[in-house]
Amino acid sequence: MASWERVFTDLAENRGQALLRYAYLLTGEAAEAADLVQEALLRAFGRTTRGLTVESAEAYVRRAILTIHIDGRRRSGRWTRVRHLVAGRHDVSGPETAVVDGADLRTALATLSPRQRACVVLHYYEDLSVAQVADVLGCAPGAVKRHLSDARARLEPLLSDSREGLR
Amino acid sequence: MTLRTQLSDLAADAPDAGALDLGLLRGRIIRRRRGRLAAAGSAVVLVAAMSTAAAAGLLDQGDGATPPIARTTPTPSGLPTVDKSPAPGPQQAFGSPACGEDLTAQGPAPETPLEMTVDLDDVVGLGVSGTRIGTATVTNVSDQPFAGIATPAPEAYLVHGDSVVTVPDAALLDWAHVTLAPGESTTFPVESSLRQCTPDTEPEFAPLQPGPHQVYVELRFSDGLALYSGPIEVEVE
């Protein structure tokens with residue numbers, strides 16, 4: 001068995017569930033999360049990089065999951081931005097209403113932009129600091145704080161505890 | 001309940017590890033690595049066949065010597081997709097031929113910090129501009145960050161016999177910023193009308209002739225850099 005295959009097997013068997021959970025929080029869809037993880041694994045191990053370890057491979061896969069997800073949502077967002085030009089107007093409640101009415105984290109997360117959602121998952125679930133989130137997303141810490149603040153404003157109705165401060 | 005706790009609870013609804021088809025994935029990885037190793041730092045030309053049903057089940061998933069062509073595989077969402085693994089080879093540059101002209105290779109493409117791979121979709125609709133026929137993945141294979149401005153989508157040519165039978169859809173008058181860290185990738189949709197063009201009478205289109213065709217894909221950047229893939233063998237039925 002090639003060295004990359006040992007790392008691949010080790011990563012998939014021991015960290016596969018964690019990667020799926022990470023992808024699931026980003027996408028909110030089980031099938032999409034599985035597709036996302038598989039595509040990221042393909043990118044990570046399809047390269048000819050030598051000296052791959054489980055740790056470095058997981059870091060690469062996590063970054064790839066994020067990149068594929070955000071890029072994919074950005075492209076589908078182009079259609080979202082123009083579809084009102086071709087579809088009839090309907091009386092549809094906005095995302096803010098969905099948060100209030102749904103009172104459900106899944107629904108609330110779906111109203112966030114891909115970057116807002118990524119910030120929430122990385123900061124509150126993956127436990128990364130604001131600076132680390134900024135590094136992962138390739139943006140300024142101030143932008144991360146703004147995304148987290150905007151996201152919290154939408155998620156606030158769901159939270160019964162005191163505010164969790166930013167780190 | 002804290003947001004952290006709620007996120008953890010939500011994450012518990014994620015699919016279990018069995019949702020990852022590791023055997024299938026391992027086969028795809030082997031084929032991709034084989035292609036990249038053979039390319040050895042140079043560019044890659046993709047050759048894939050579109051004959052999905054005929055090729056299904058004929059291919060092994062191991063690291064054998066026979067290059068795979070196409071294979072129908074279930075995705076976790078239950079929809080069939082086609083895994084077309086490109087065979088390695090030298091990447092050839094080509095010009096921008098008009099309808100009916102030859103698509104003449106202009107020799108090996110200059111080395112670039114980027115690598116483009118193209119995967120064609122299994123089944124595509126015919127007859128309208130902007131039909132998505134696949135995905136081009138551009139990866140920064142250098143050690144340096146890359147920043148450039150590219151056309152919003154690659155241009156796809158379809159060749160039958162010796163001449164171009166489908167030219168790219170009319171280009172959009174805008175550009176896309178491409179910023180990639182080392183090892184980072186981005187994807188573009190590959191679109192084509194998949195209709196037979198007619199020289200000198202561009203608005204006139206007809207269905208493609210049945211038989212083997214070749215797809216060539218080019219992604220251009222504003223500074224003259226260009227990425228090429230092709231030919232990718234497809235069968236029009």
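Hydrogens, waters and symmetry mates play no part in the numbers below; they use all other heavy atoms, side chains included. Chain letters run A, B, ... following the sequence lines, proteins first, then strands; residues in each count from 1.
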Are [X] and [Y] close enough that some pair of their side-chain heavy atoms sits under 4.5 Å apart?
{"X": "F8(A)", "Y": "L22(B)", "answer": "yes"}
{"X": "V120(A)", "Y": "L3(B)", "answer": "yes"}
{"X": "I30(B)", "Y": "W4(A)", "answer": "yes"}

For the pair T139(B) and R43(A), evaluate side chain to side chain donor-acceptor pair (under 3.5 Å) and give the outcome as yes or no after the intermediate values.
-> CA-CA 10 Å; T139(B) 304; R43(A) 286 194 189 183; over 6 Å; no

Within the side chain of [X], is there an N or O that forms a donor-acceptor pair under 3.5 Å with the backbone of [Y]?
{"X": "E5(A)", "Y": "R26(B)", "result": "no"}
{"X": "Q38(A)", "Y": "D21(B)", "result": "yes"}
{"X": "Y124(A)", "Y": "Q6(B)", "result": "no"}

Select one option (side chain, backbone, both, neither) describing which atoms of L109(A) are under 4.5 Å from chain B's heavy atoms.
-> side chain

Sort Y22(A) into side chain, backbone, both or neither according to what part of it lies under 4.5 angstrom from a heavy atom of chain B.
-> neither

Grab the two heavy atoms, one from [X] and one from [Y], that are nearest each other, plus how far apart they are.
{"X": "A30(A)", "Y": "P15(B)", "value": "O-CG, 3.6 Å"}
{"X": "Q17(A)", "Y": "D16(B)", "value": "OE1-CA, 3.2 Å"}
{"X": "A11(B)", "Y": "Y125(A)", "value": "CB-OH, 3.6 Å"}

Short N-O contact, D13(B) and R21(A), less than 4.0 angstrom =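 R21(A) and D13(B): not salt-bridged.
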
To the nearest 0.5 Å, what is the distance between [atom1] ([X]) and [atom2] ([Y])?
{"X": "L25(B)", "Y": "E39(A)", "atom1": "CG", "atom2": "CD", "result": "9.0 Å"}
{"X": "L19(A)", "Y": "L20(B)", "atom1": "CG", "atom2": "CG", "result": "8.0 Å"}
{"X": "L25(A)", "Y": "L10(B)", "atom1": "CG", "atom2": "CG", "result": "5.5 Å"}
{"X": "E126(A)", "Y": "R4(B)", "atom1": "CD", "atom2": "CZ", "result": "11.0 Å"}

Using non-hydrogen atoms and a 4.5 Å limit, figure out which bit of T137(B) sits close to chain A: side chain, backbone, both or neither.
->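 Side chain of T137(B) only, per the 4.5 Å heavy-atom cut-off to chain A.
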
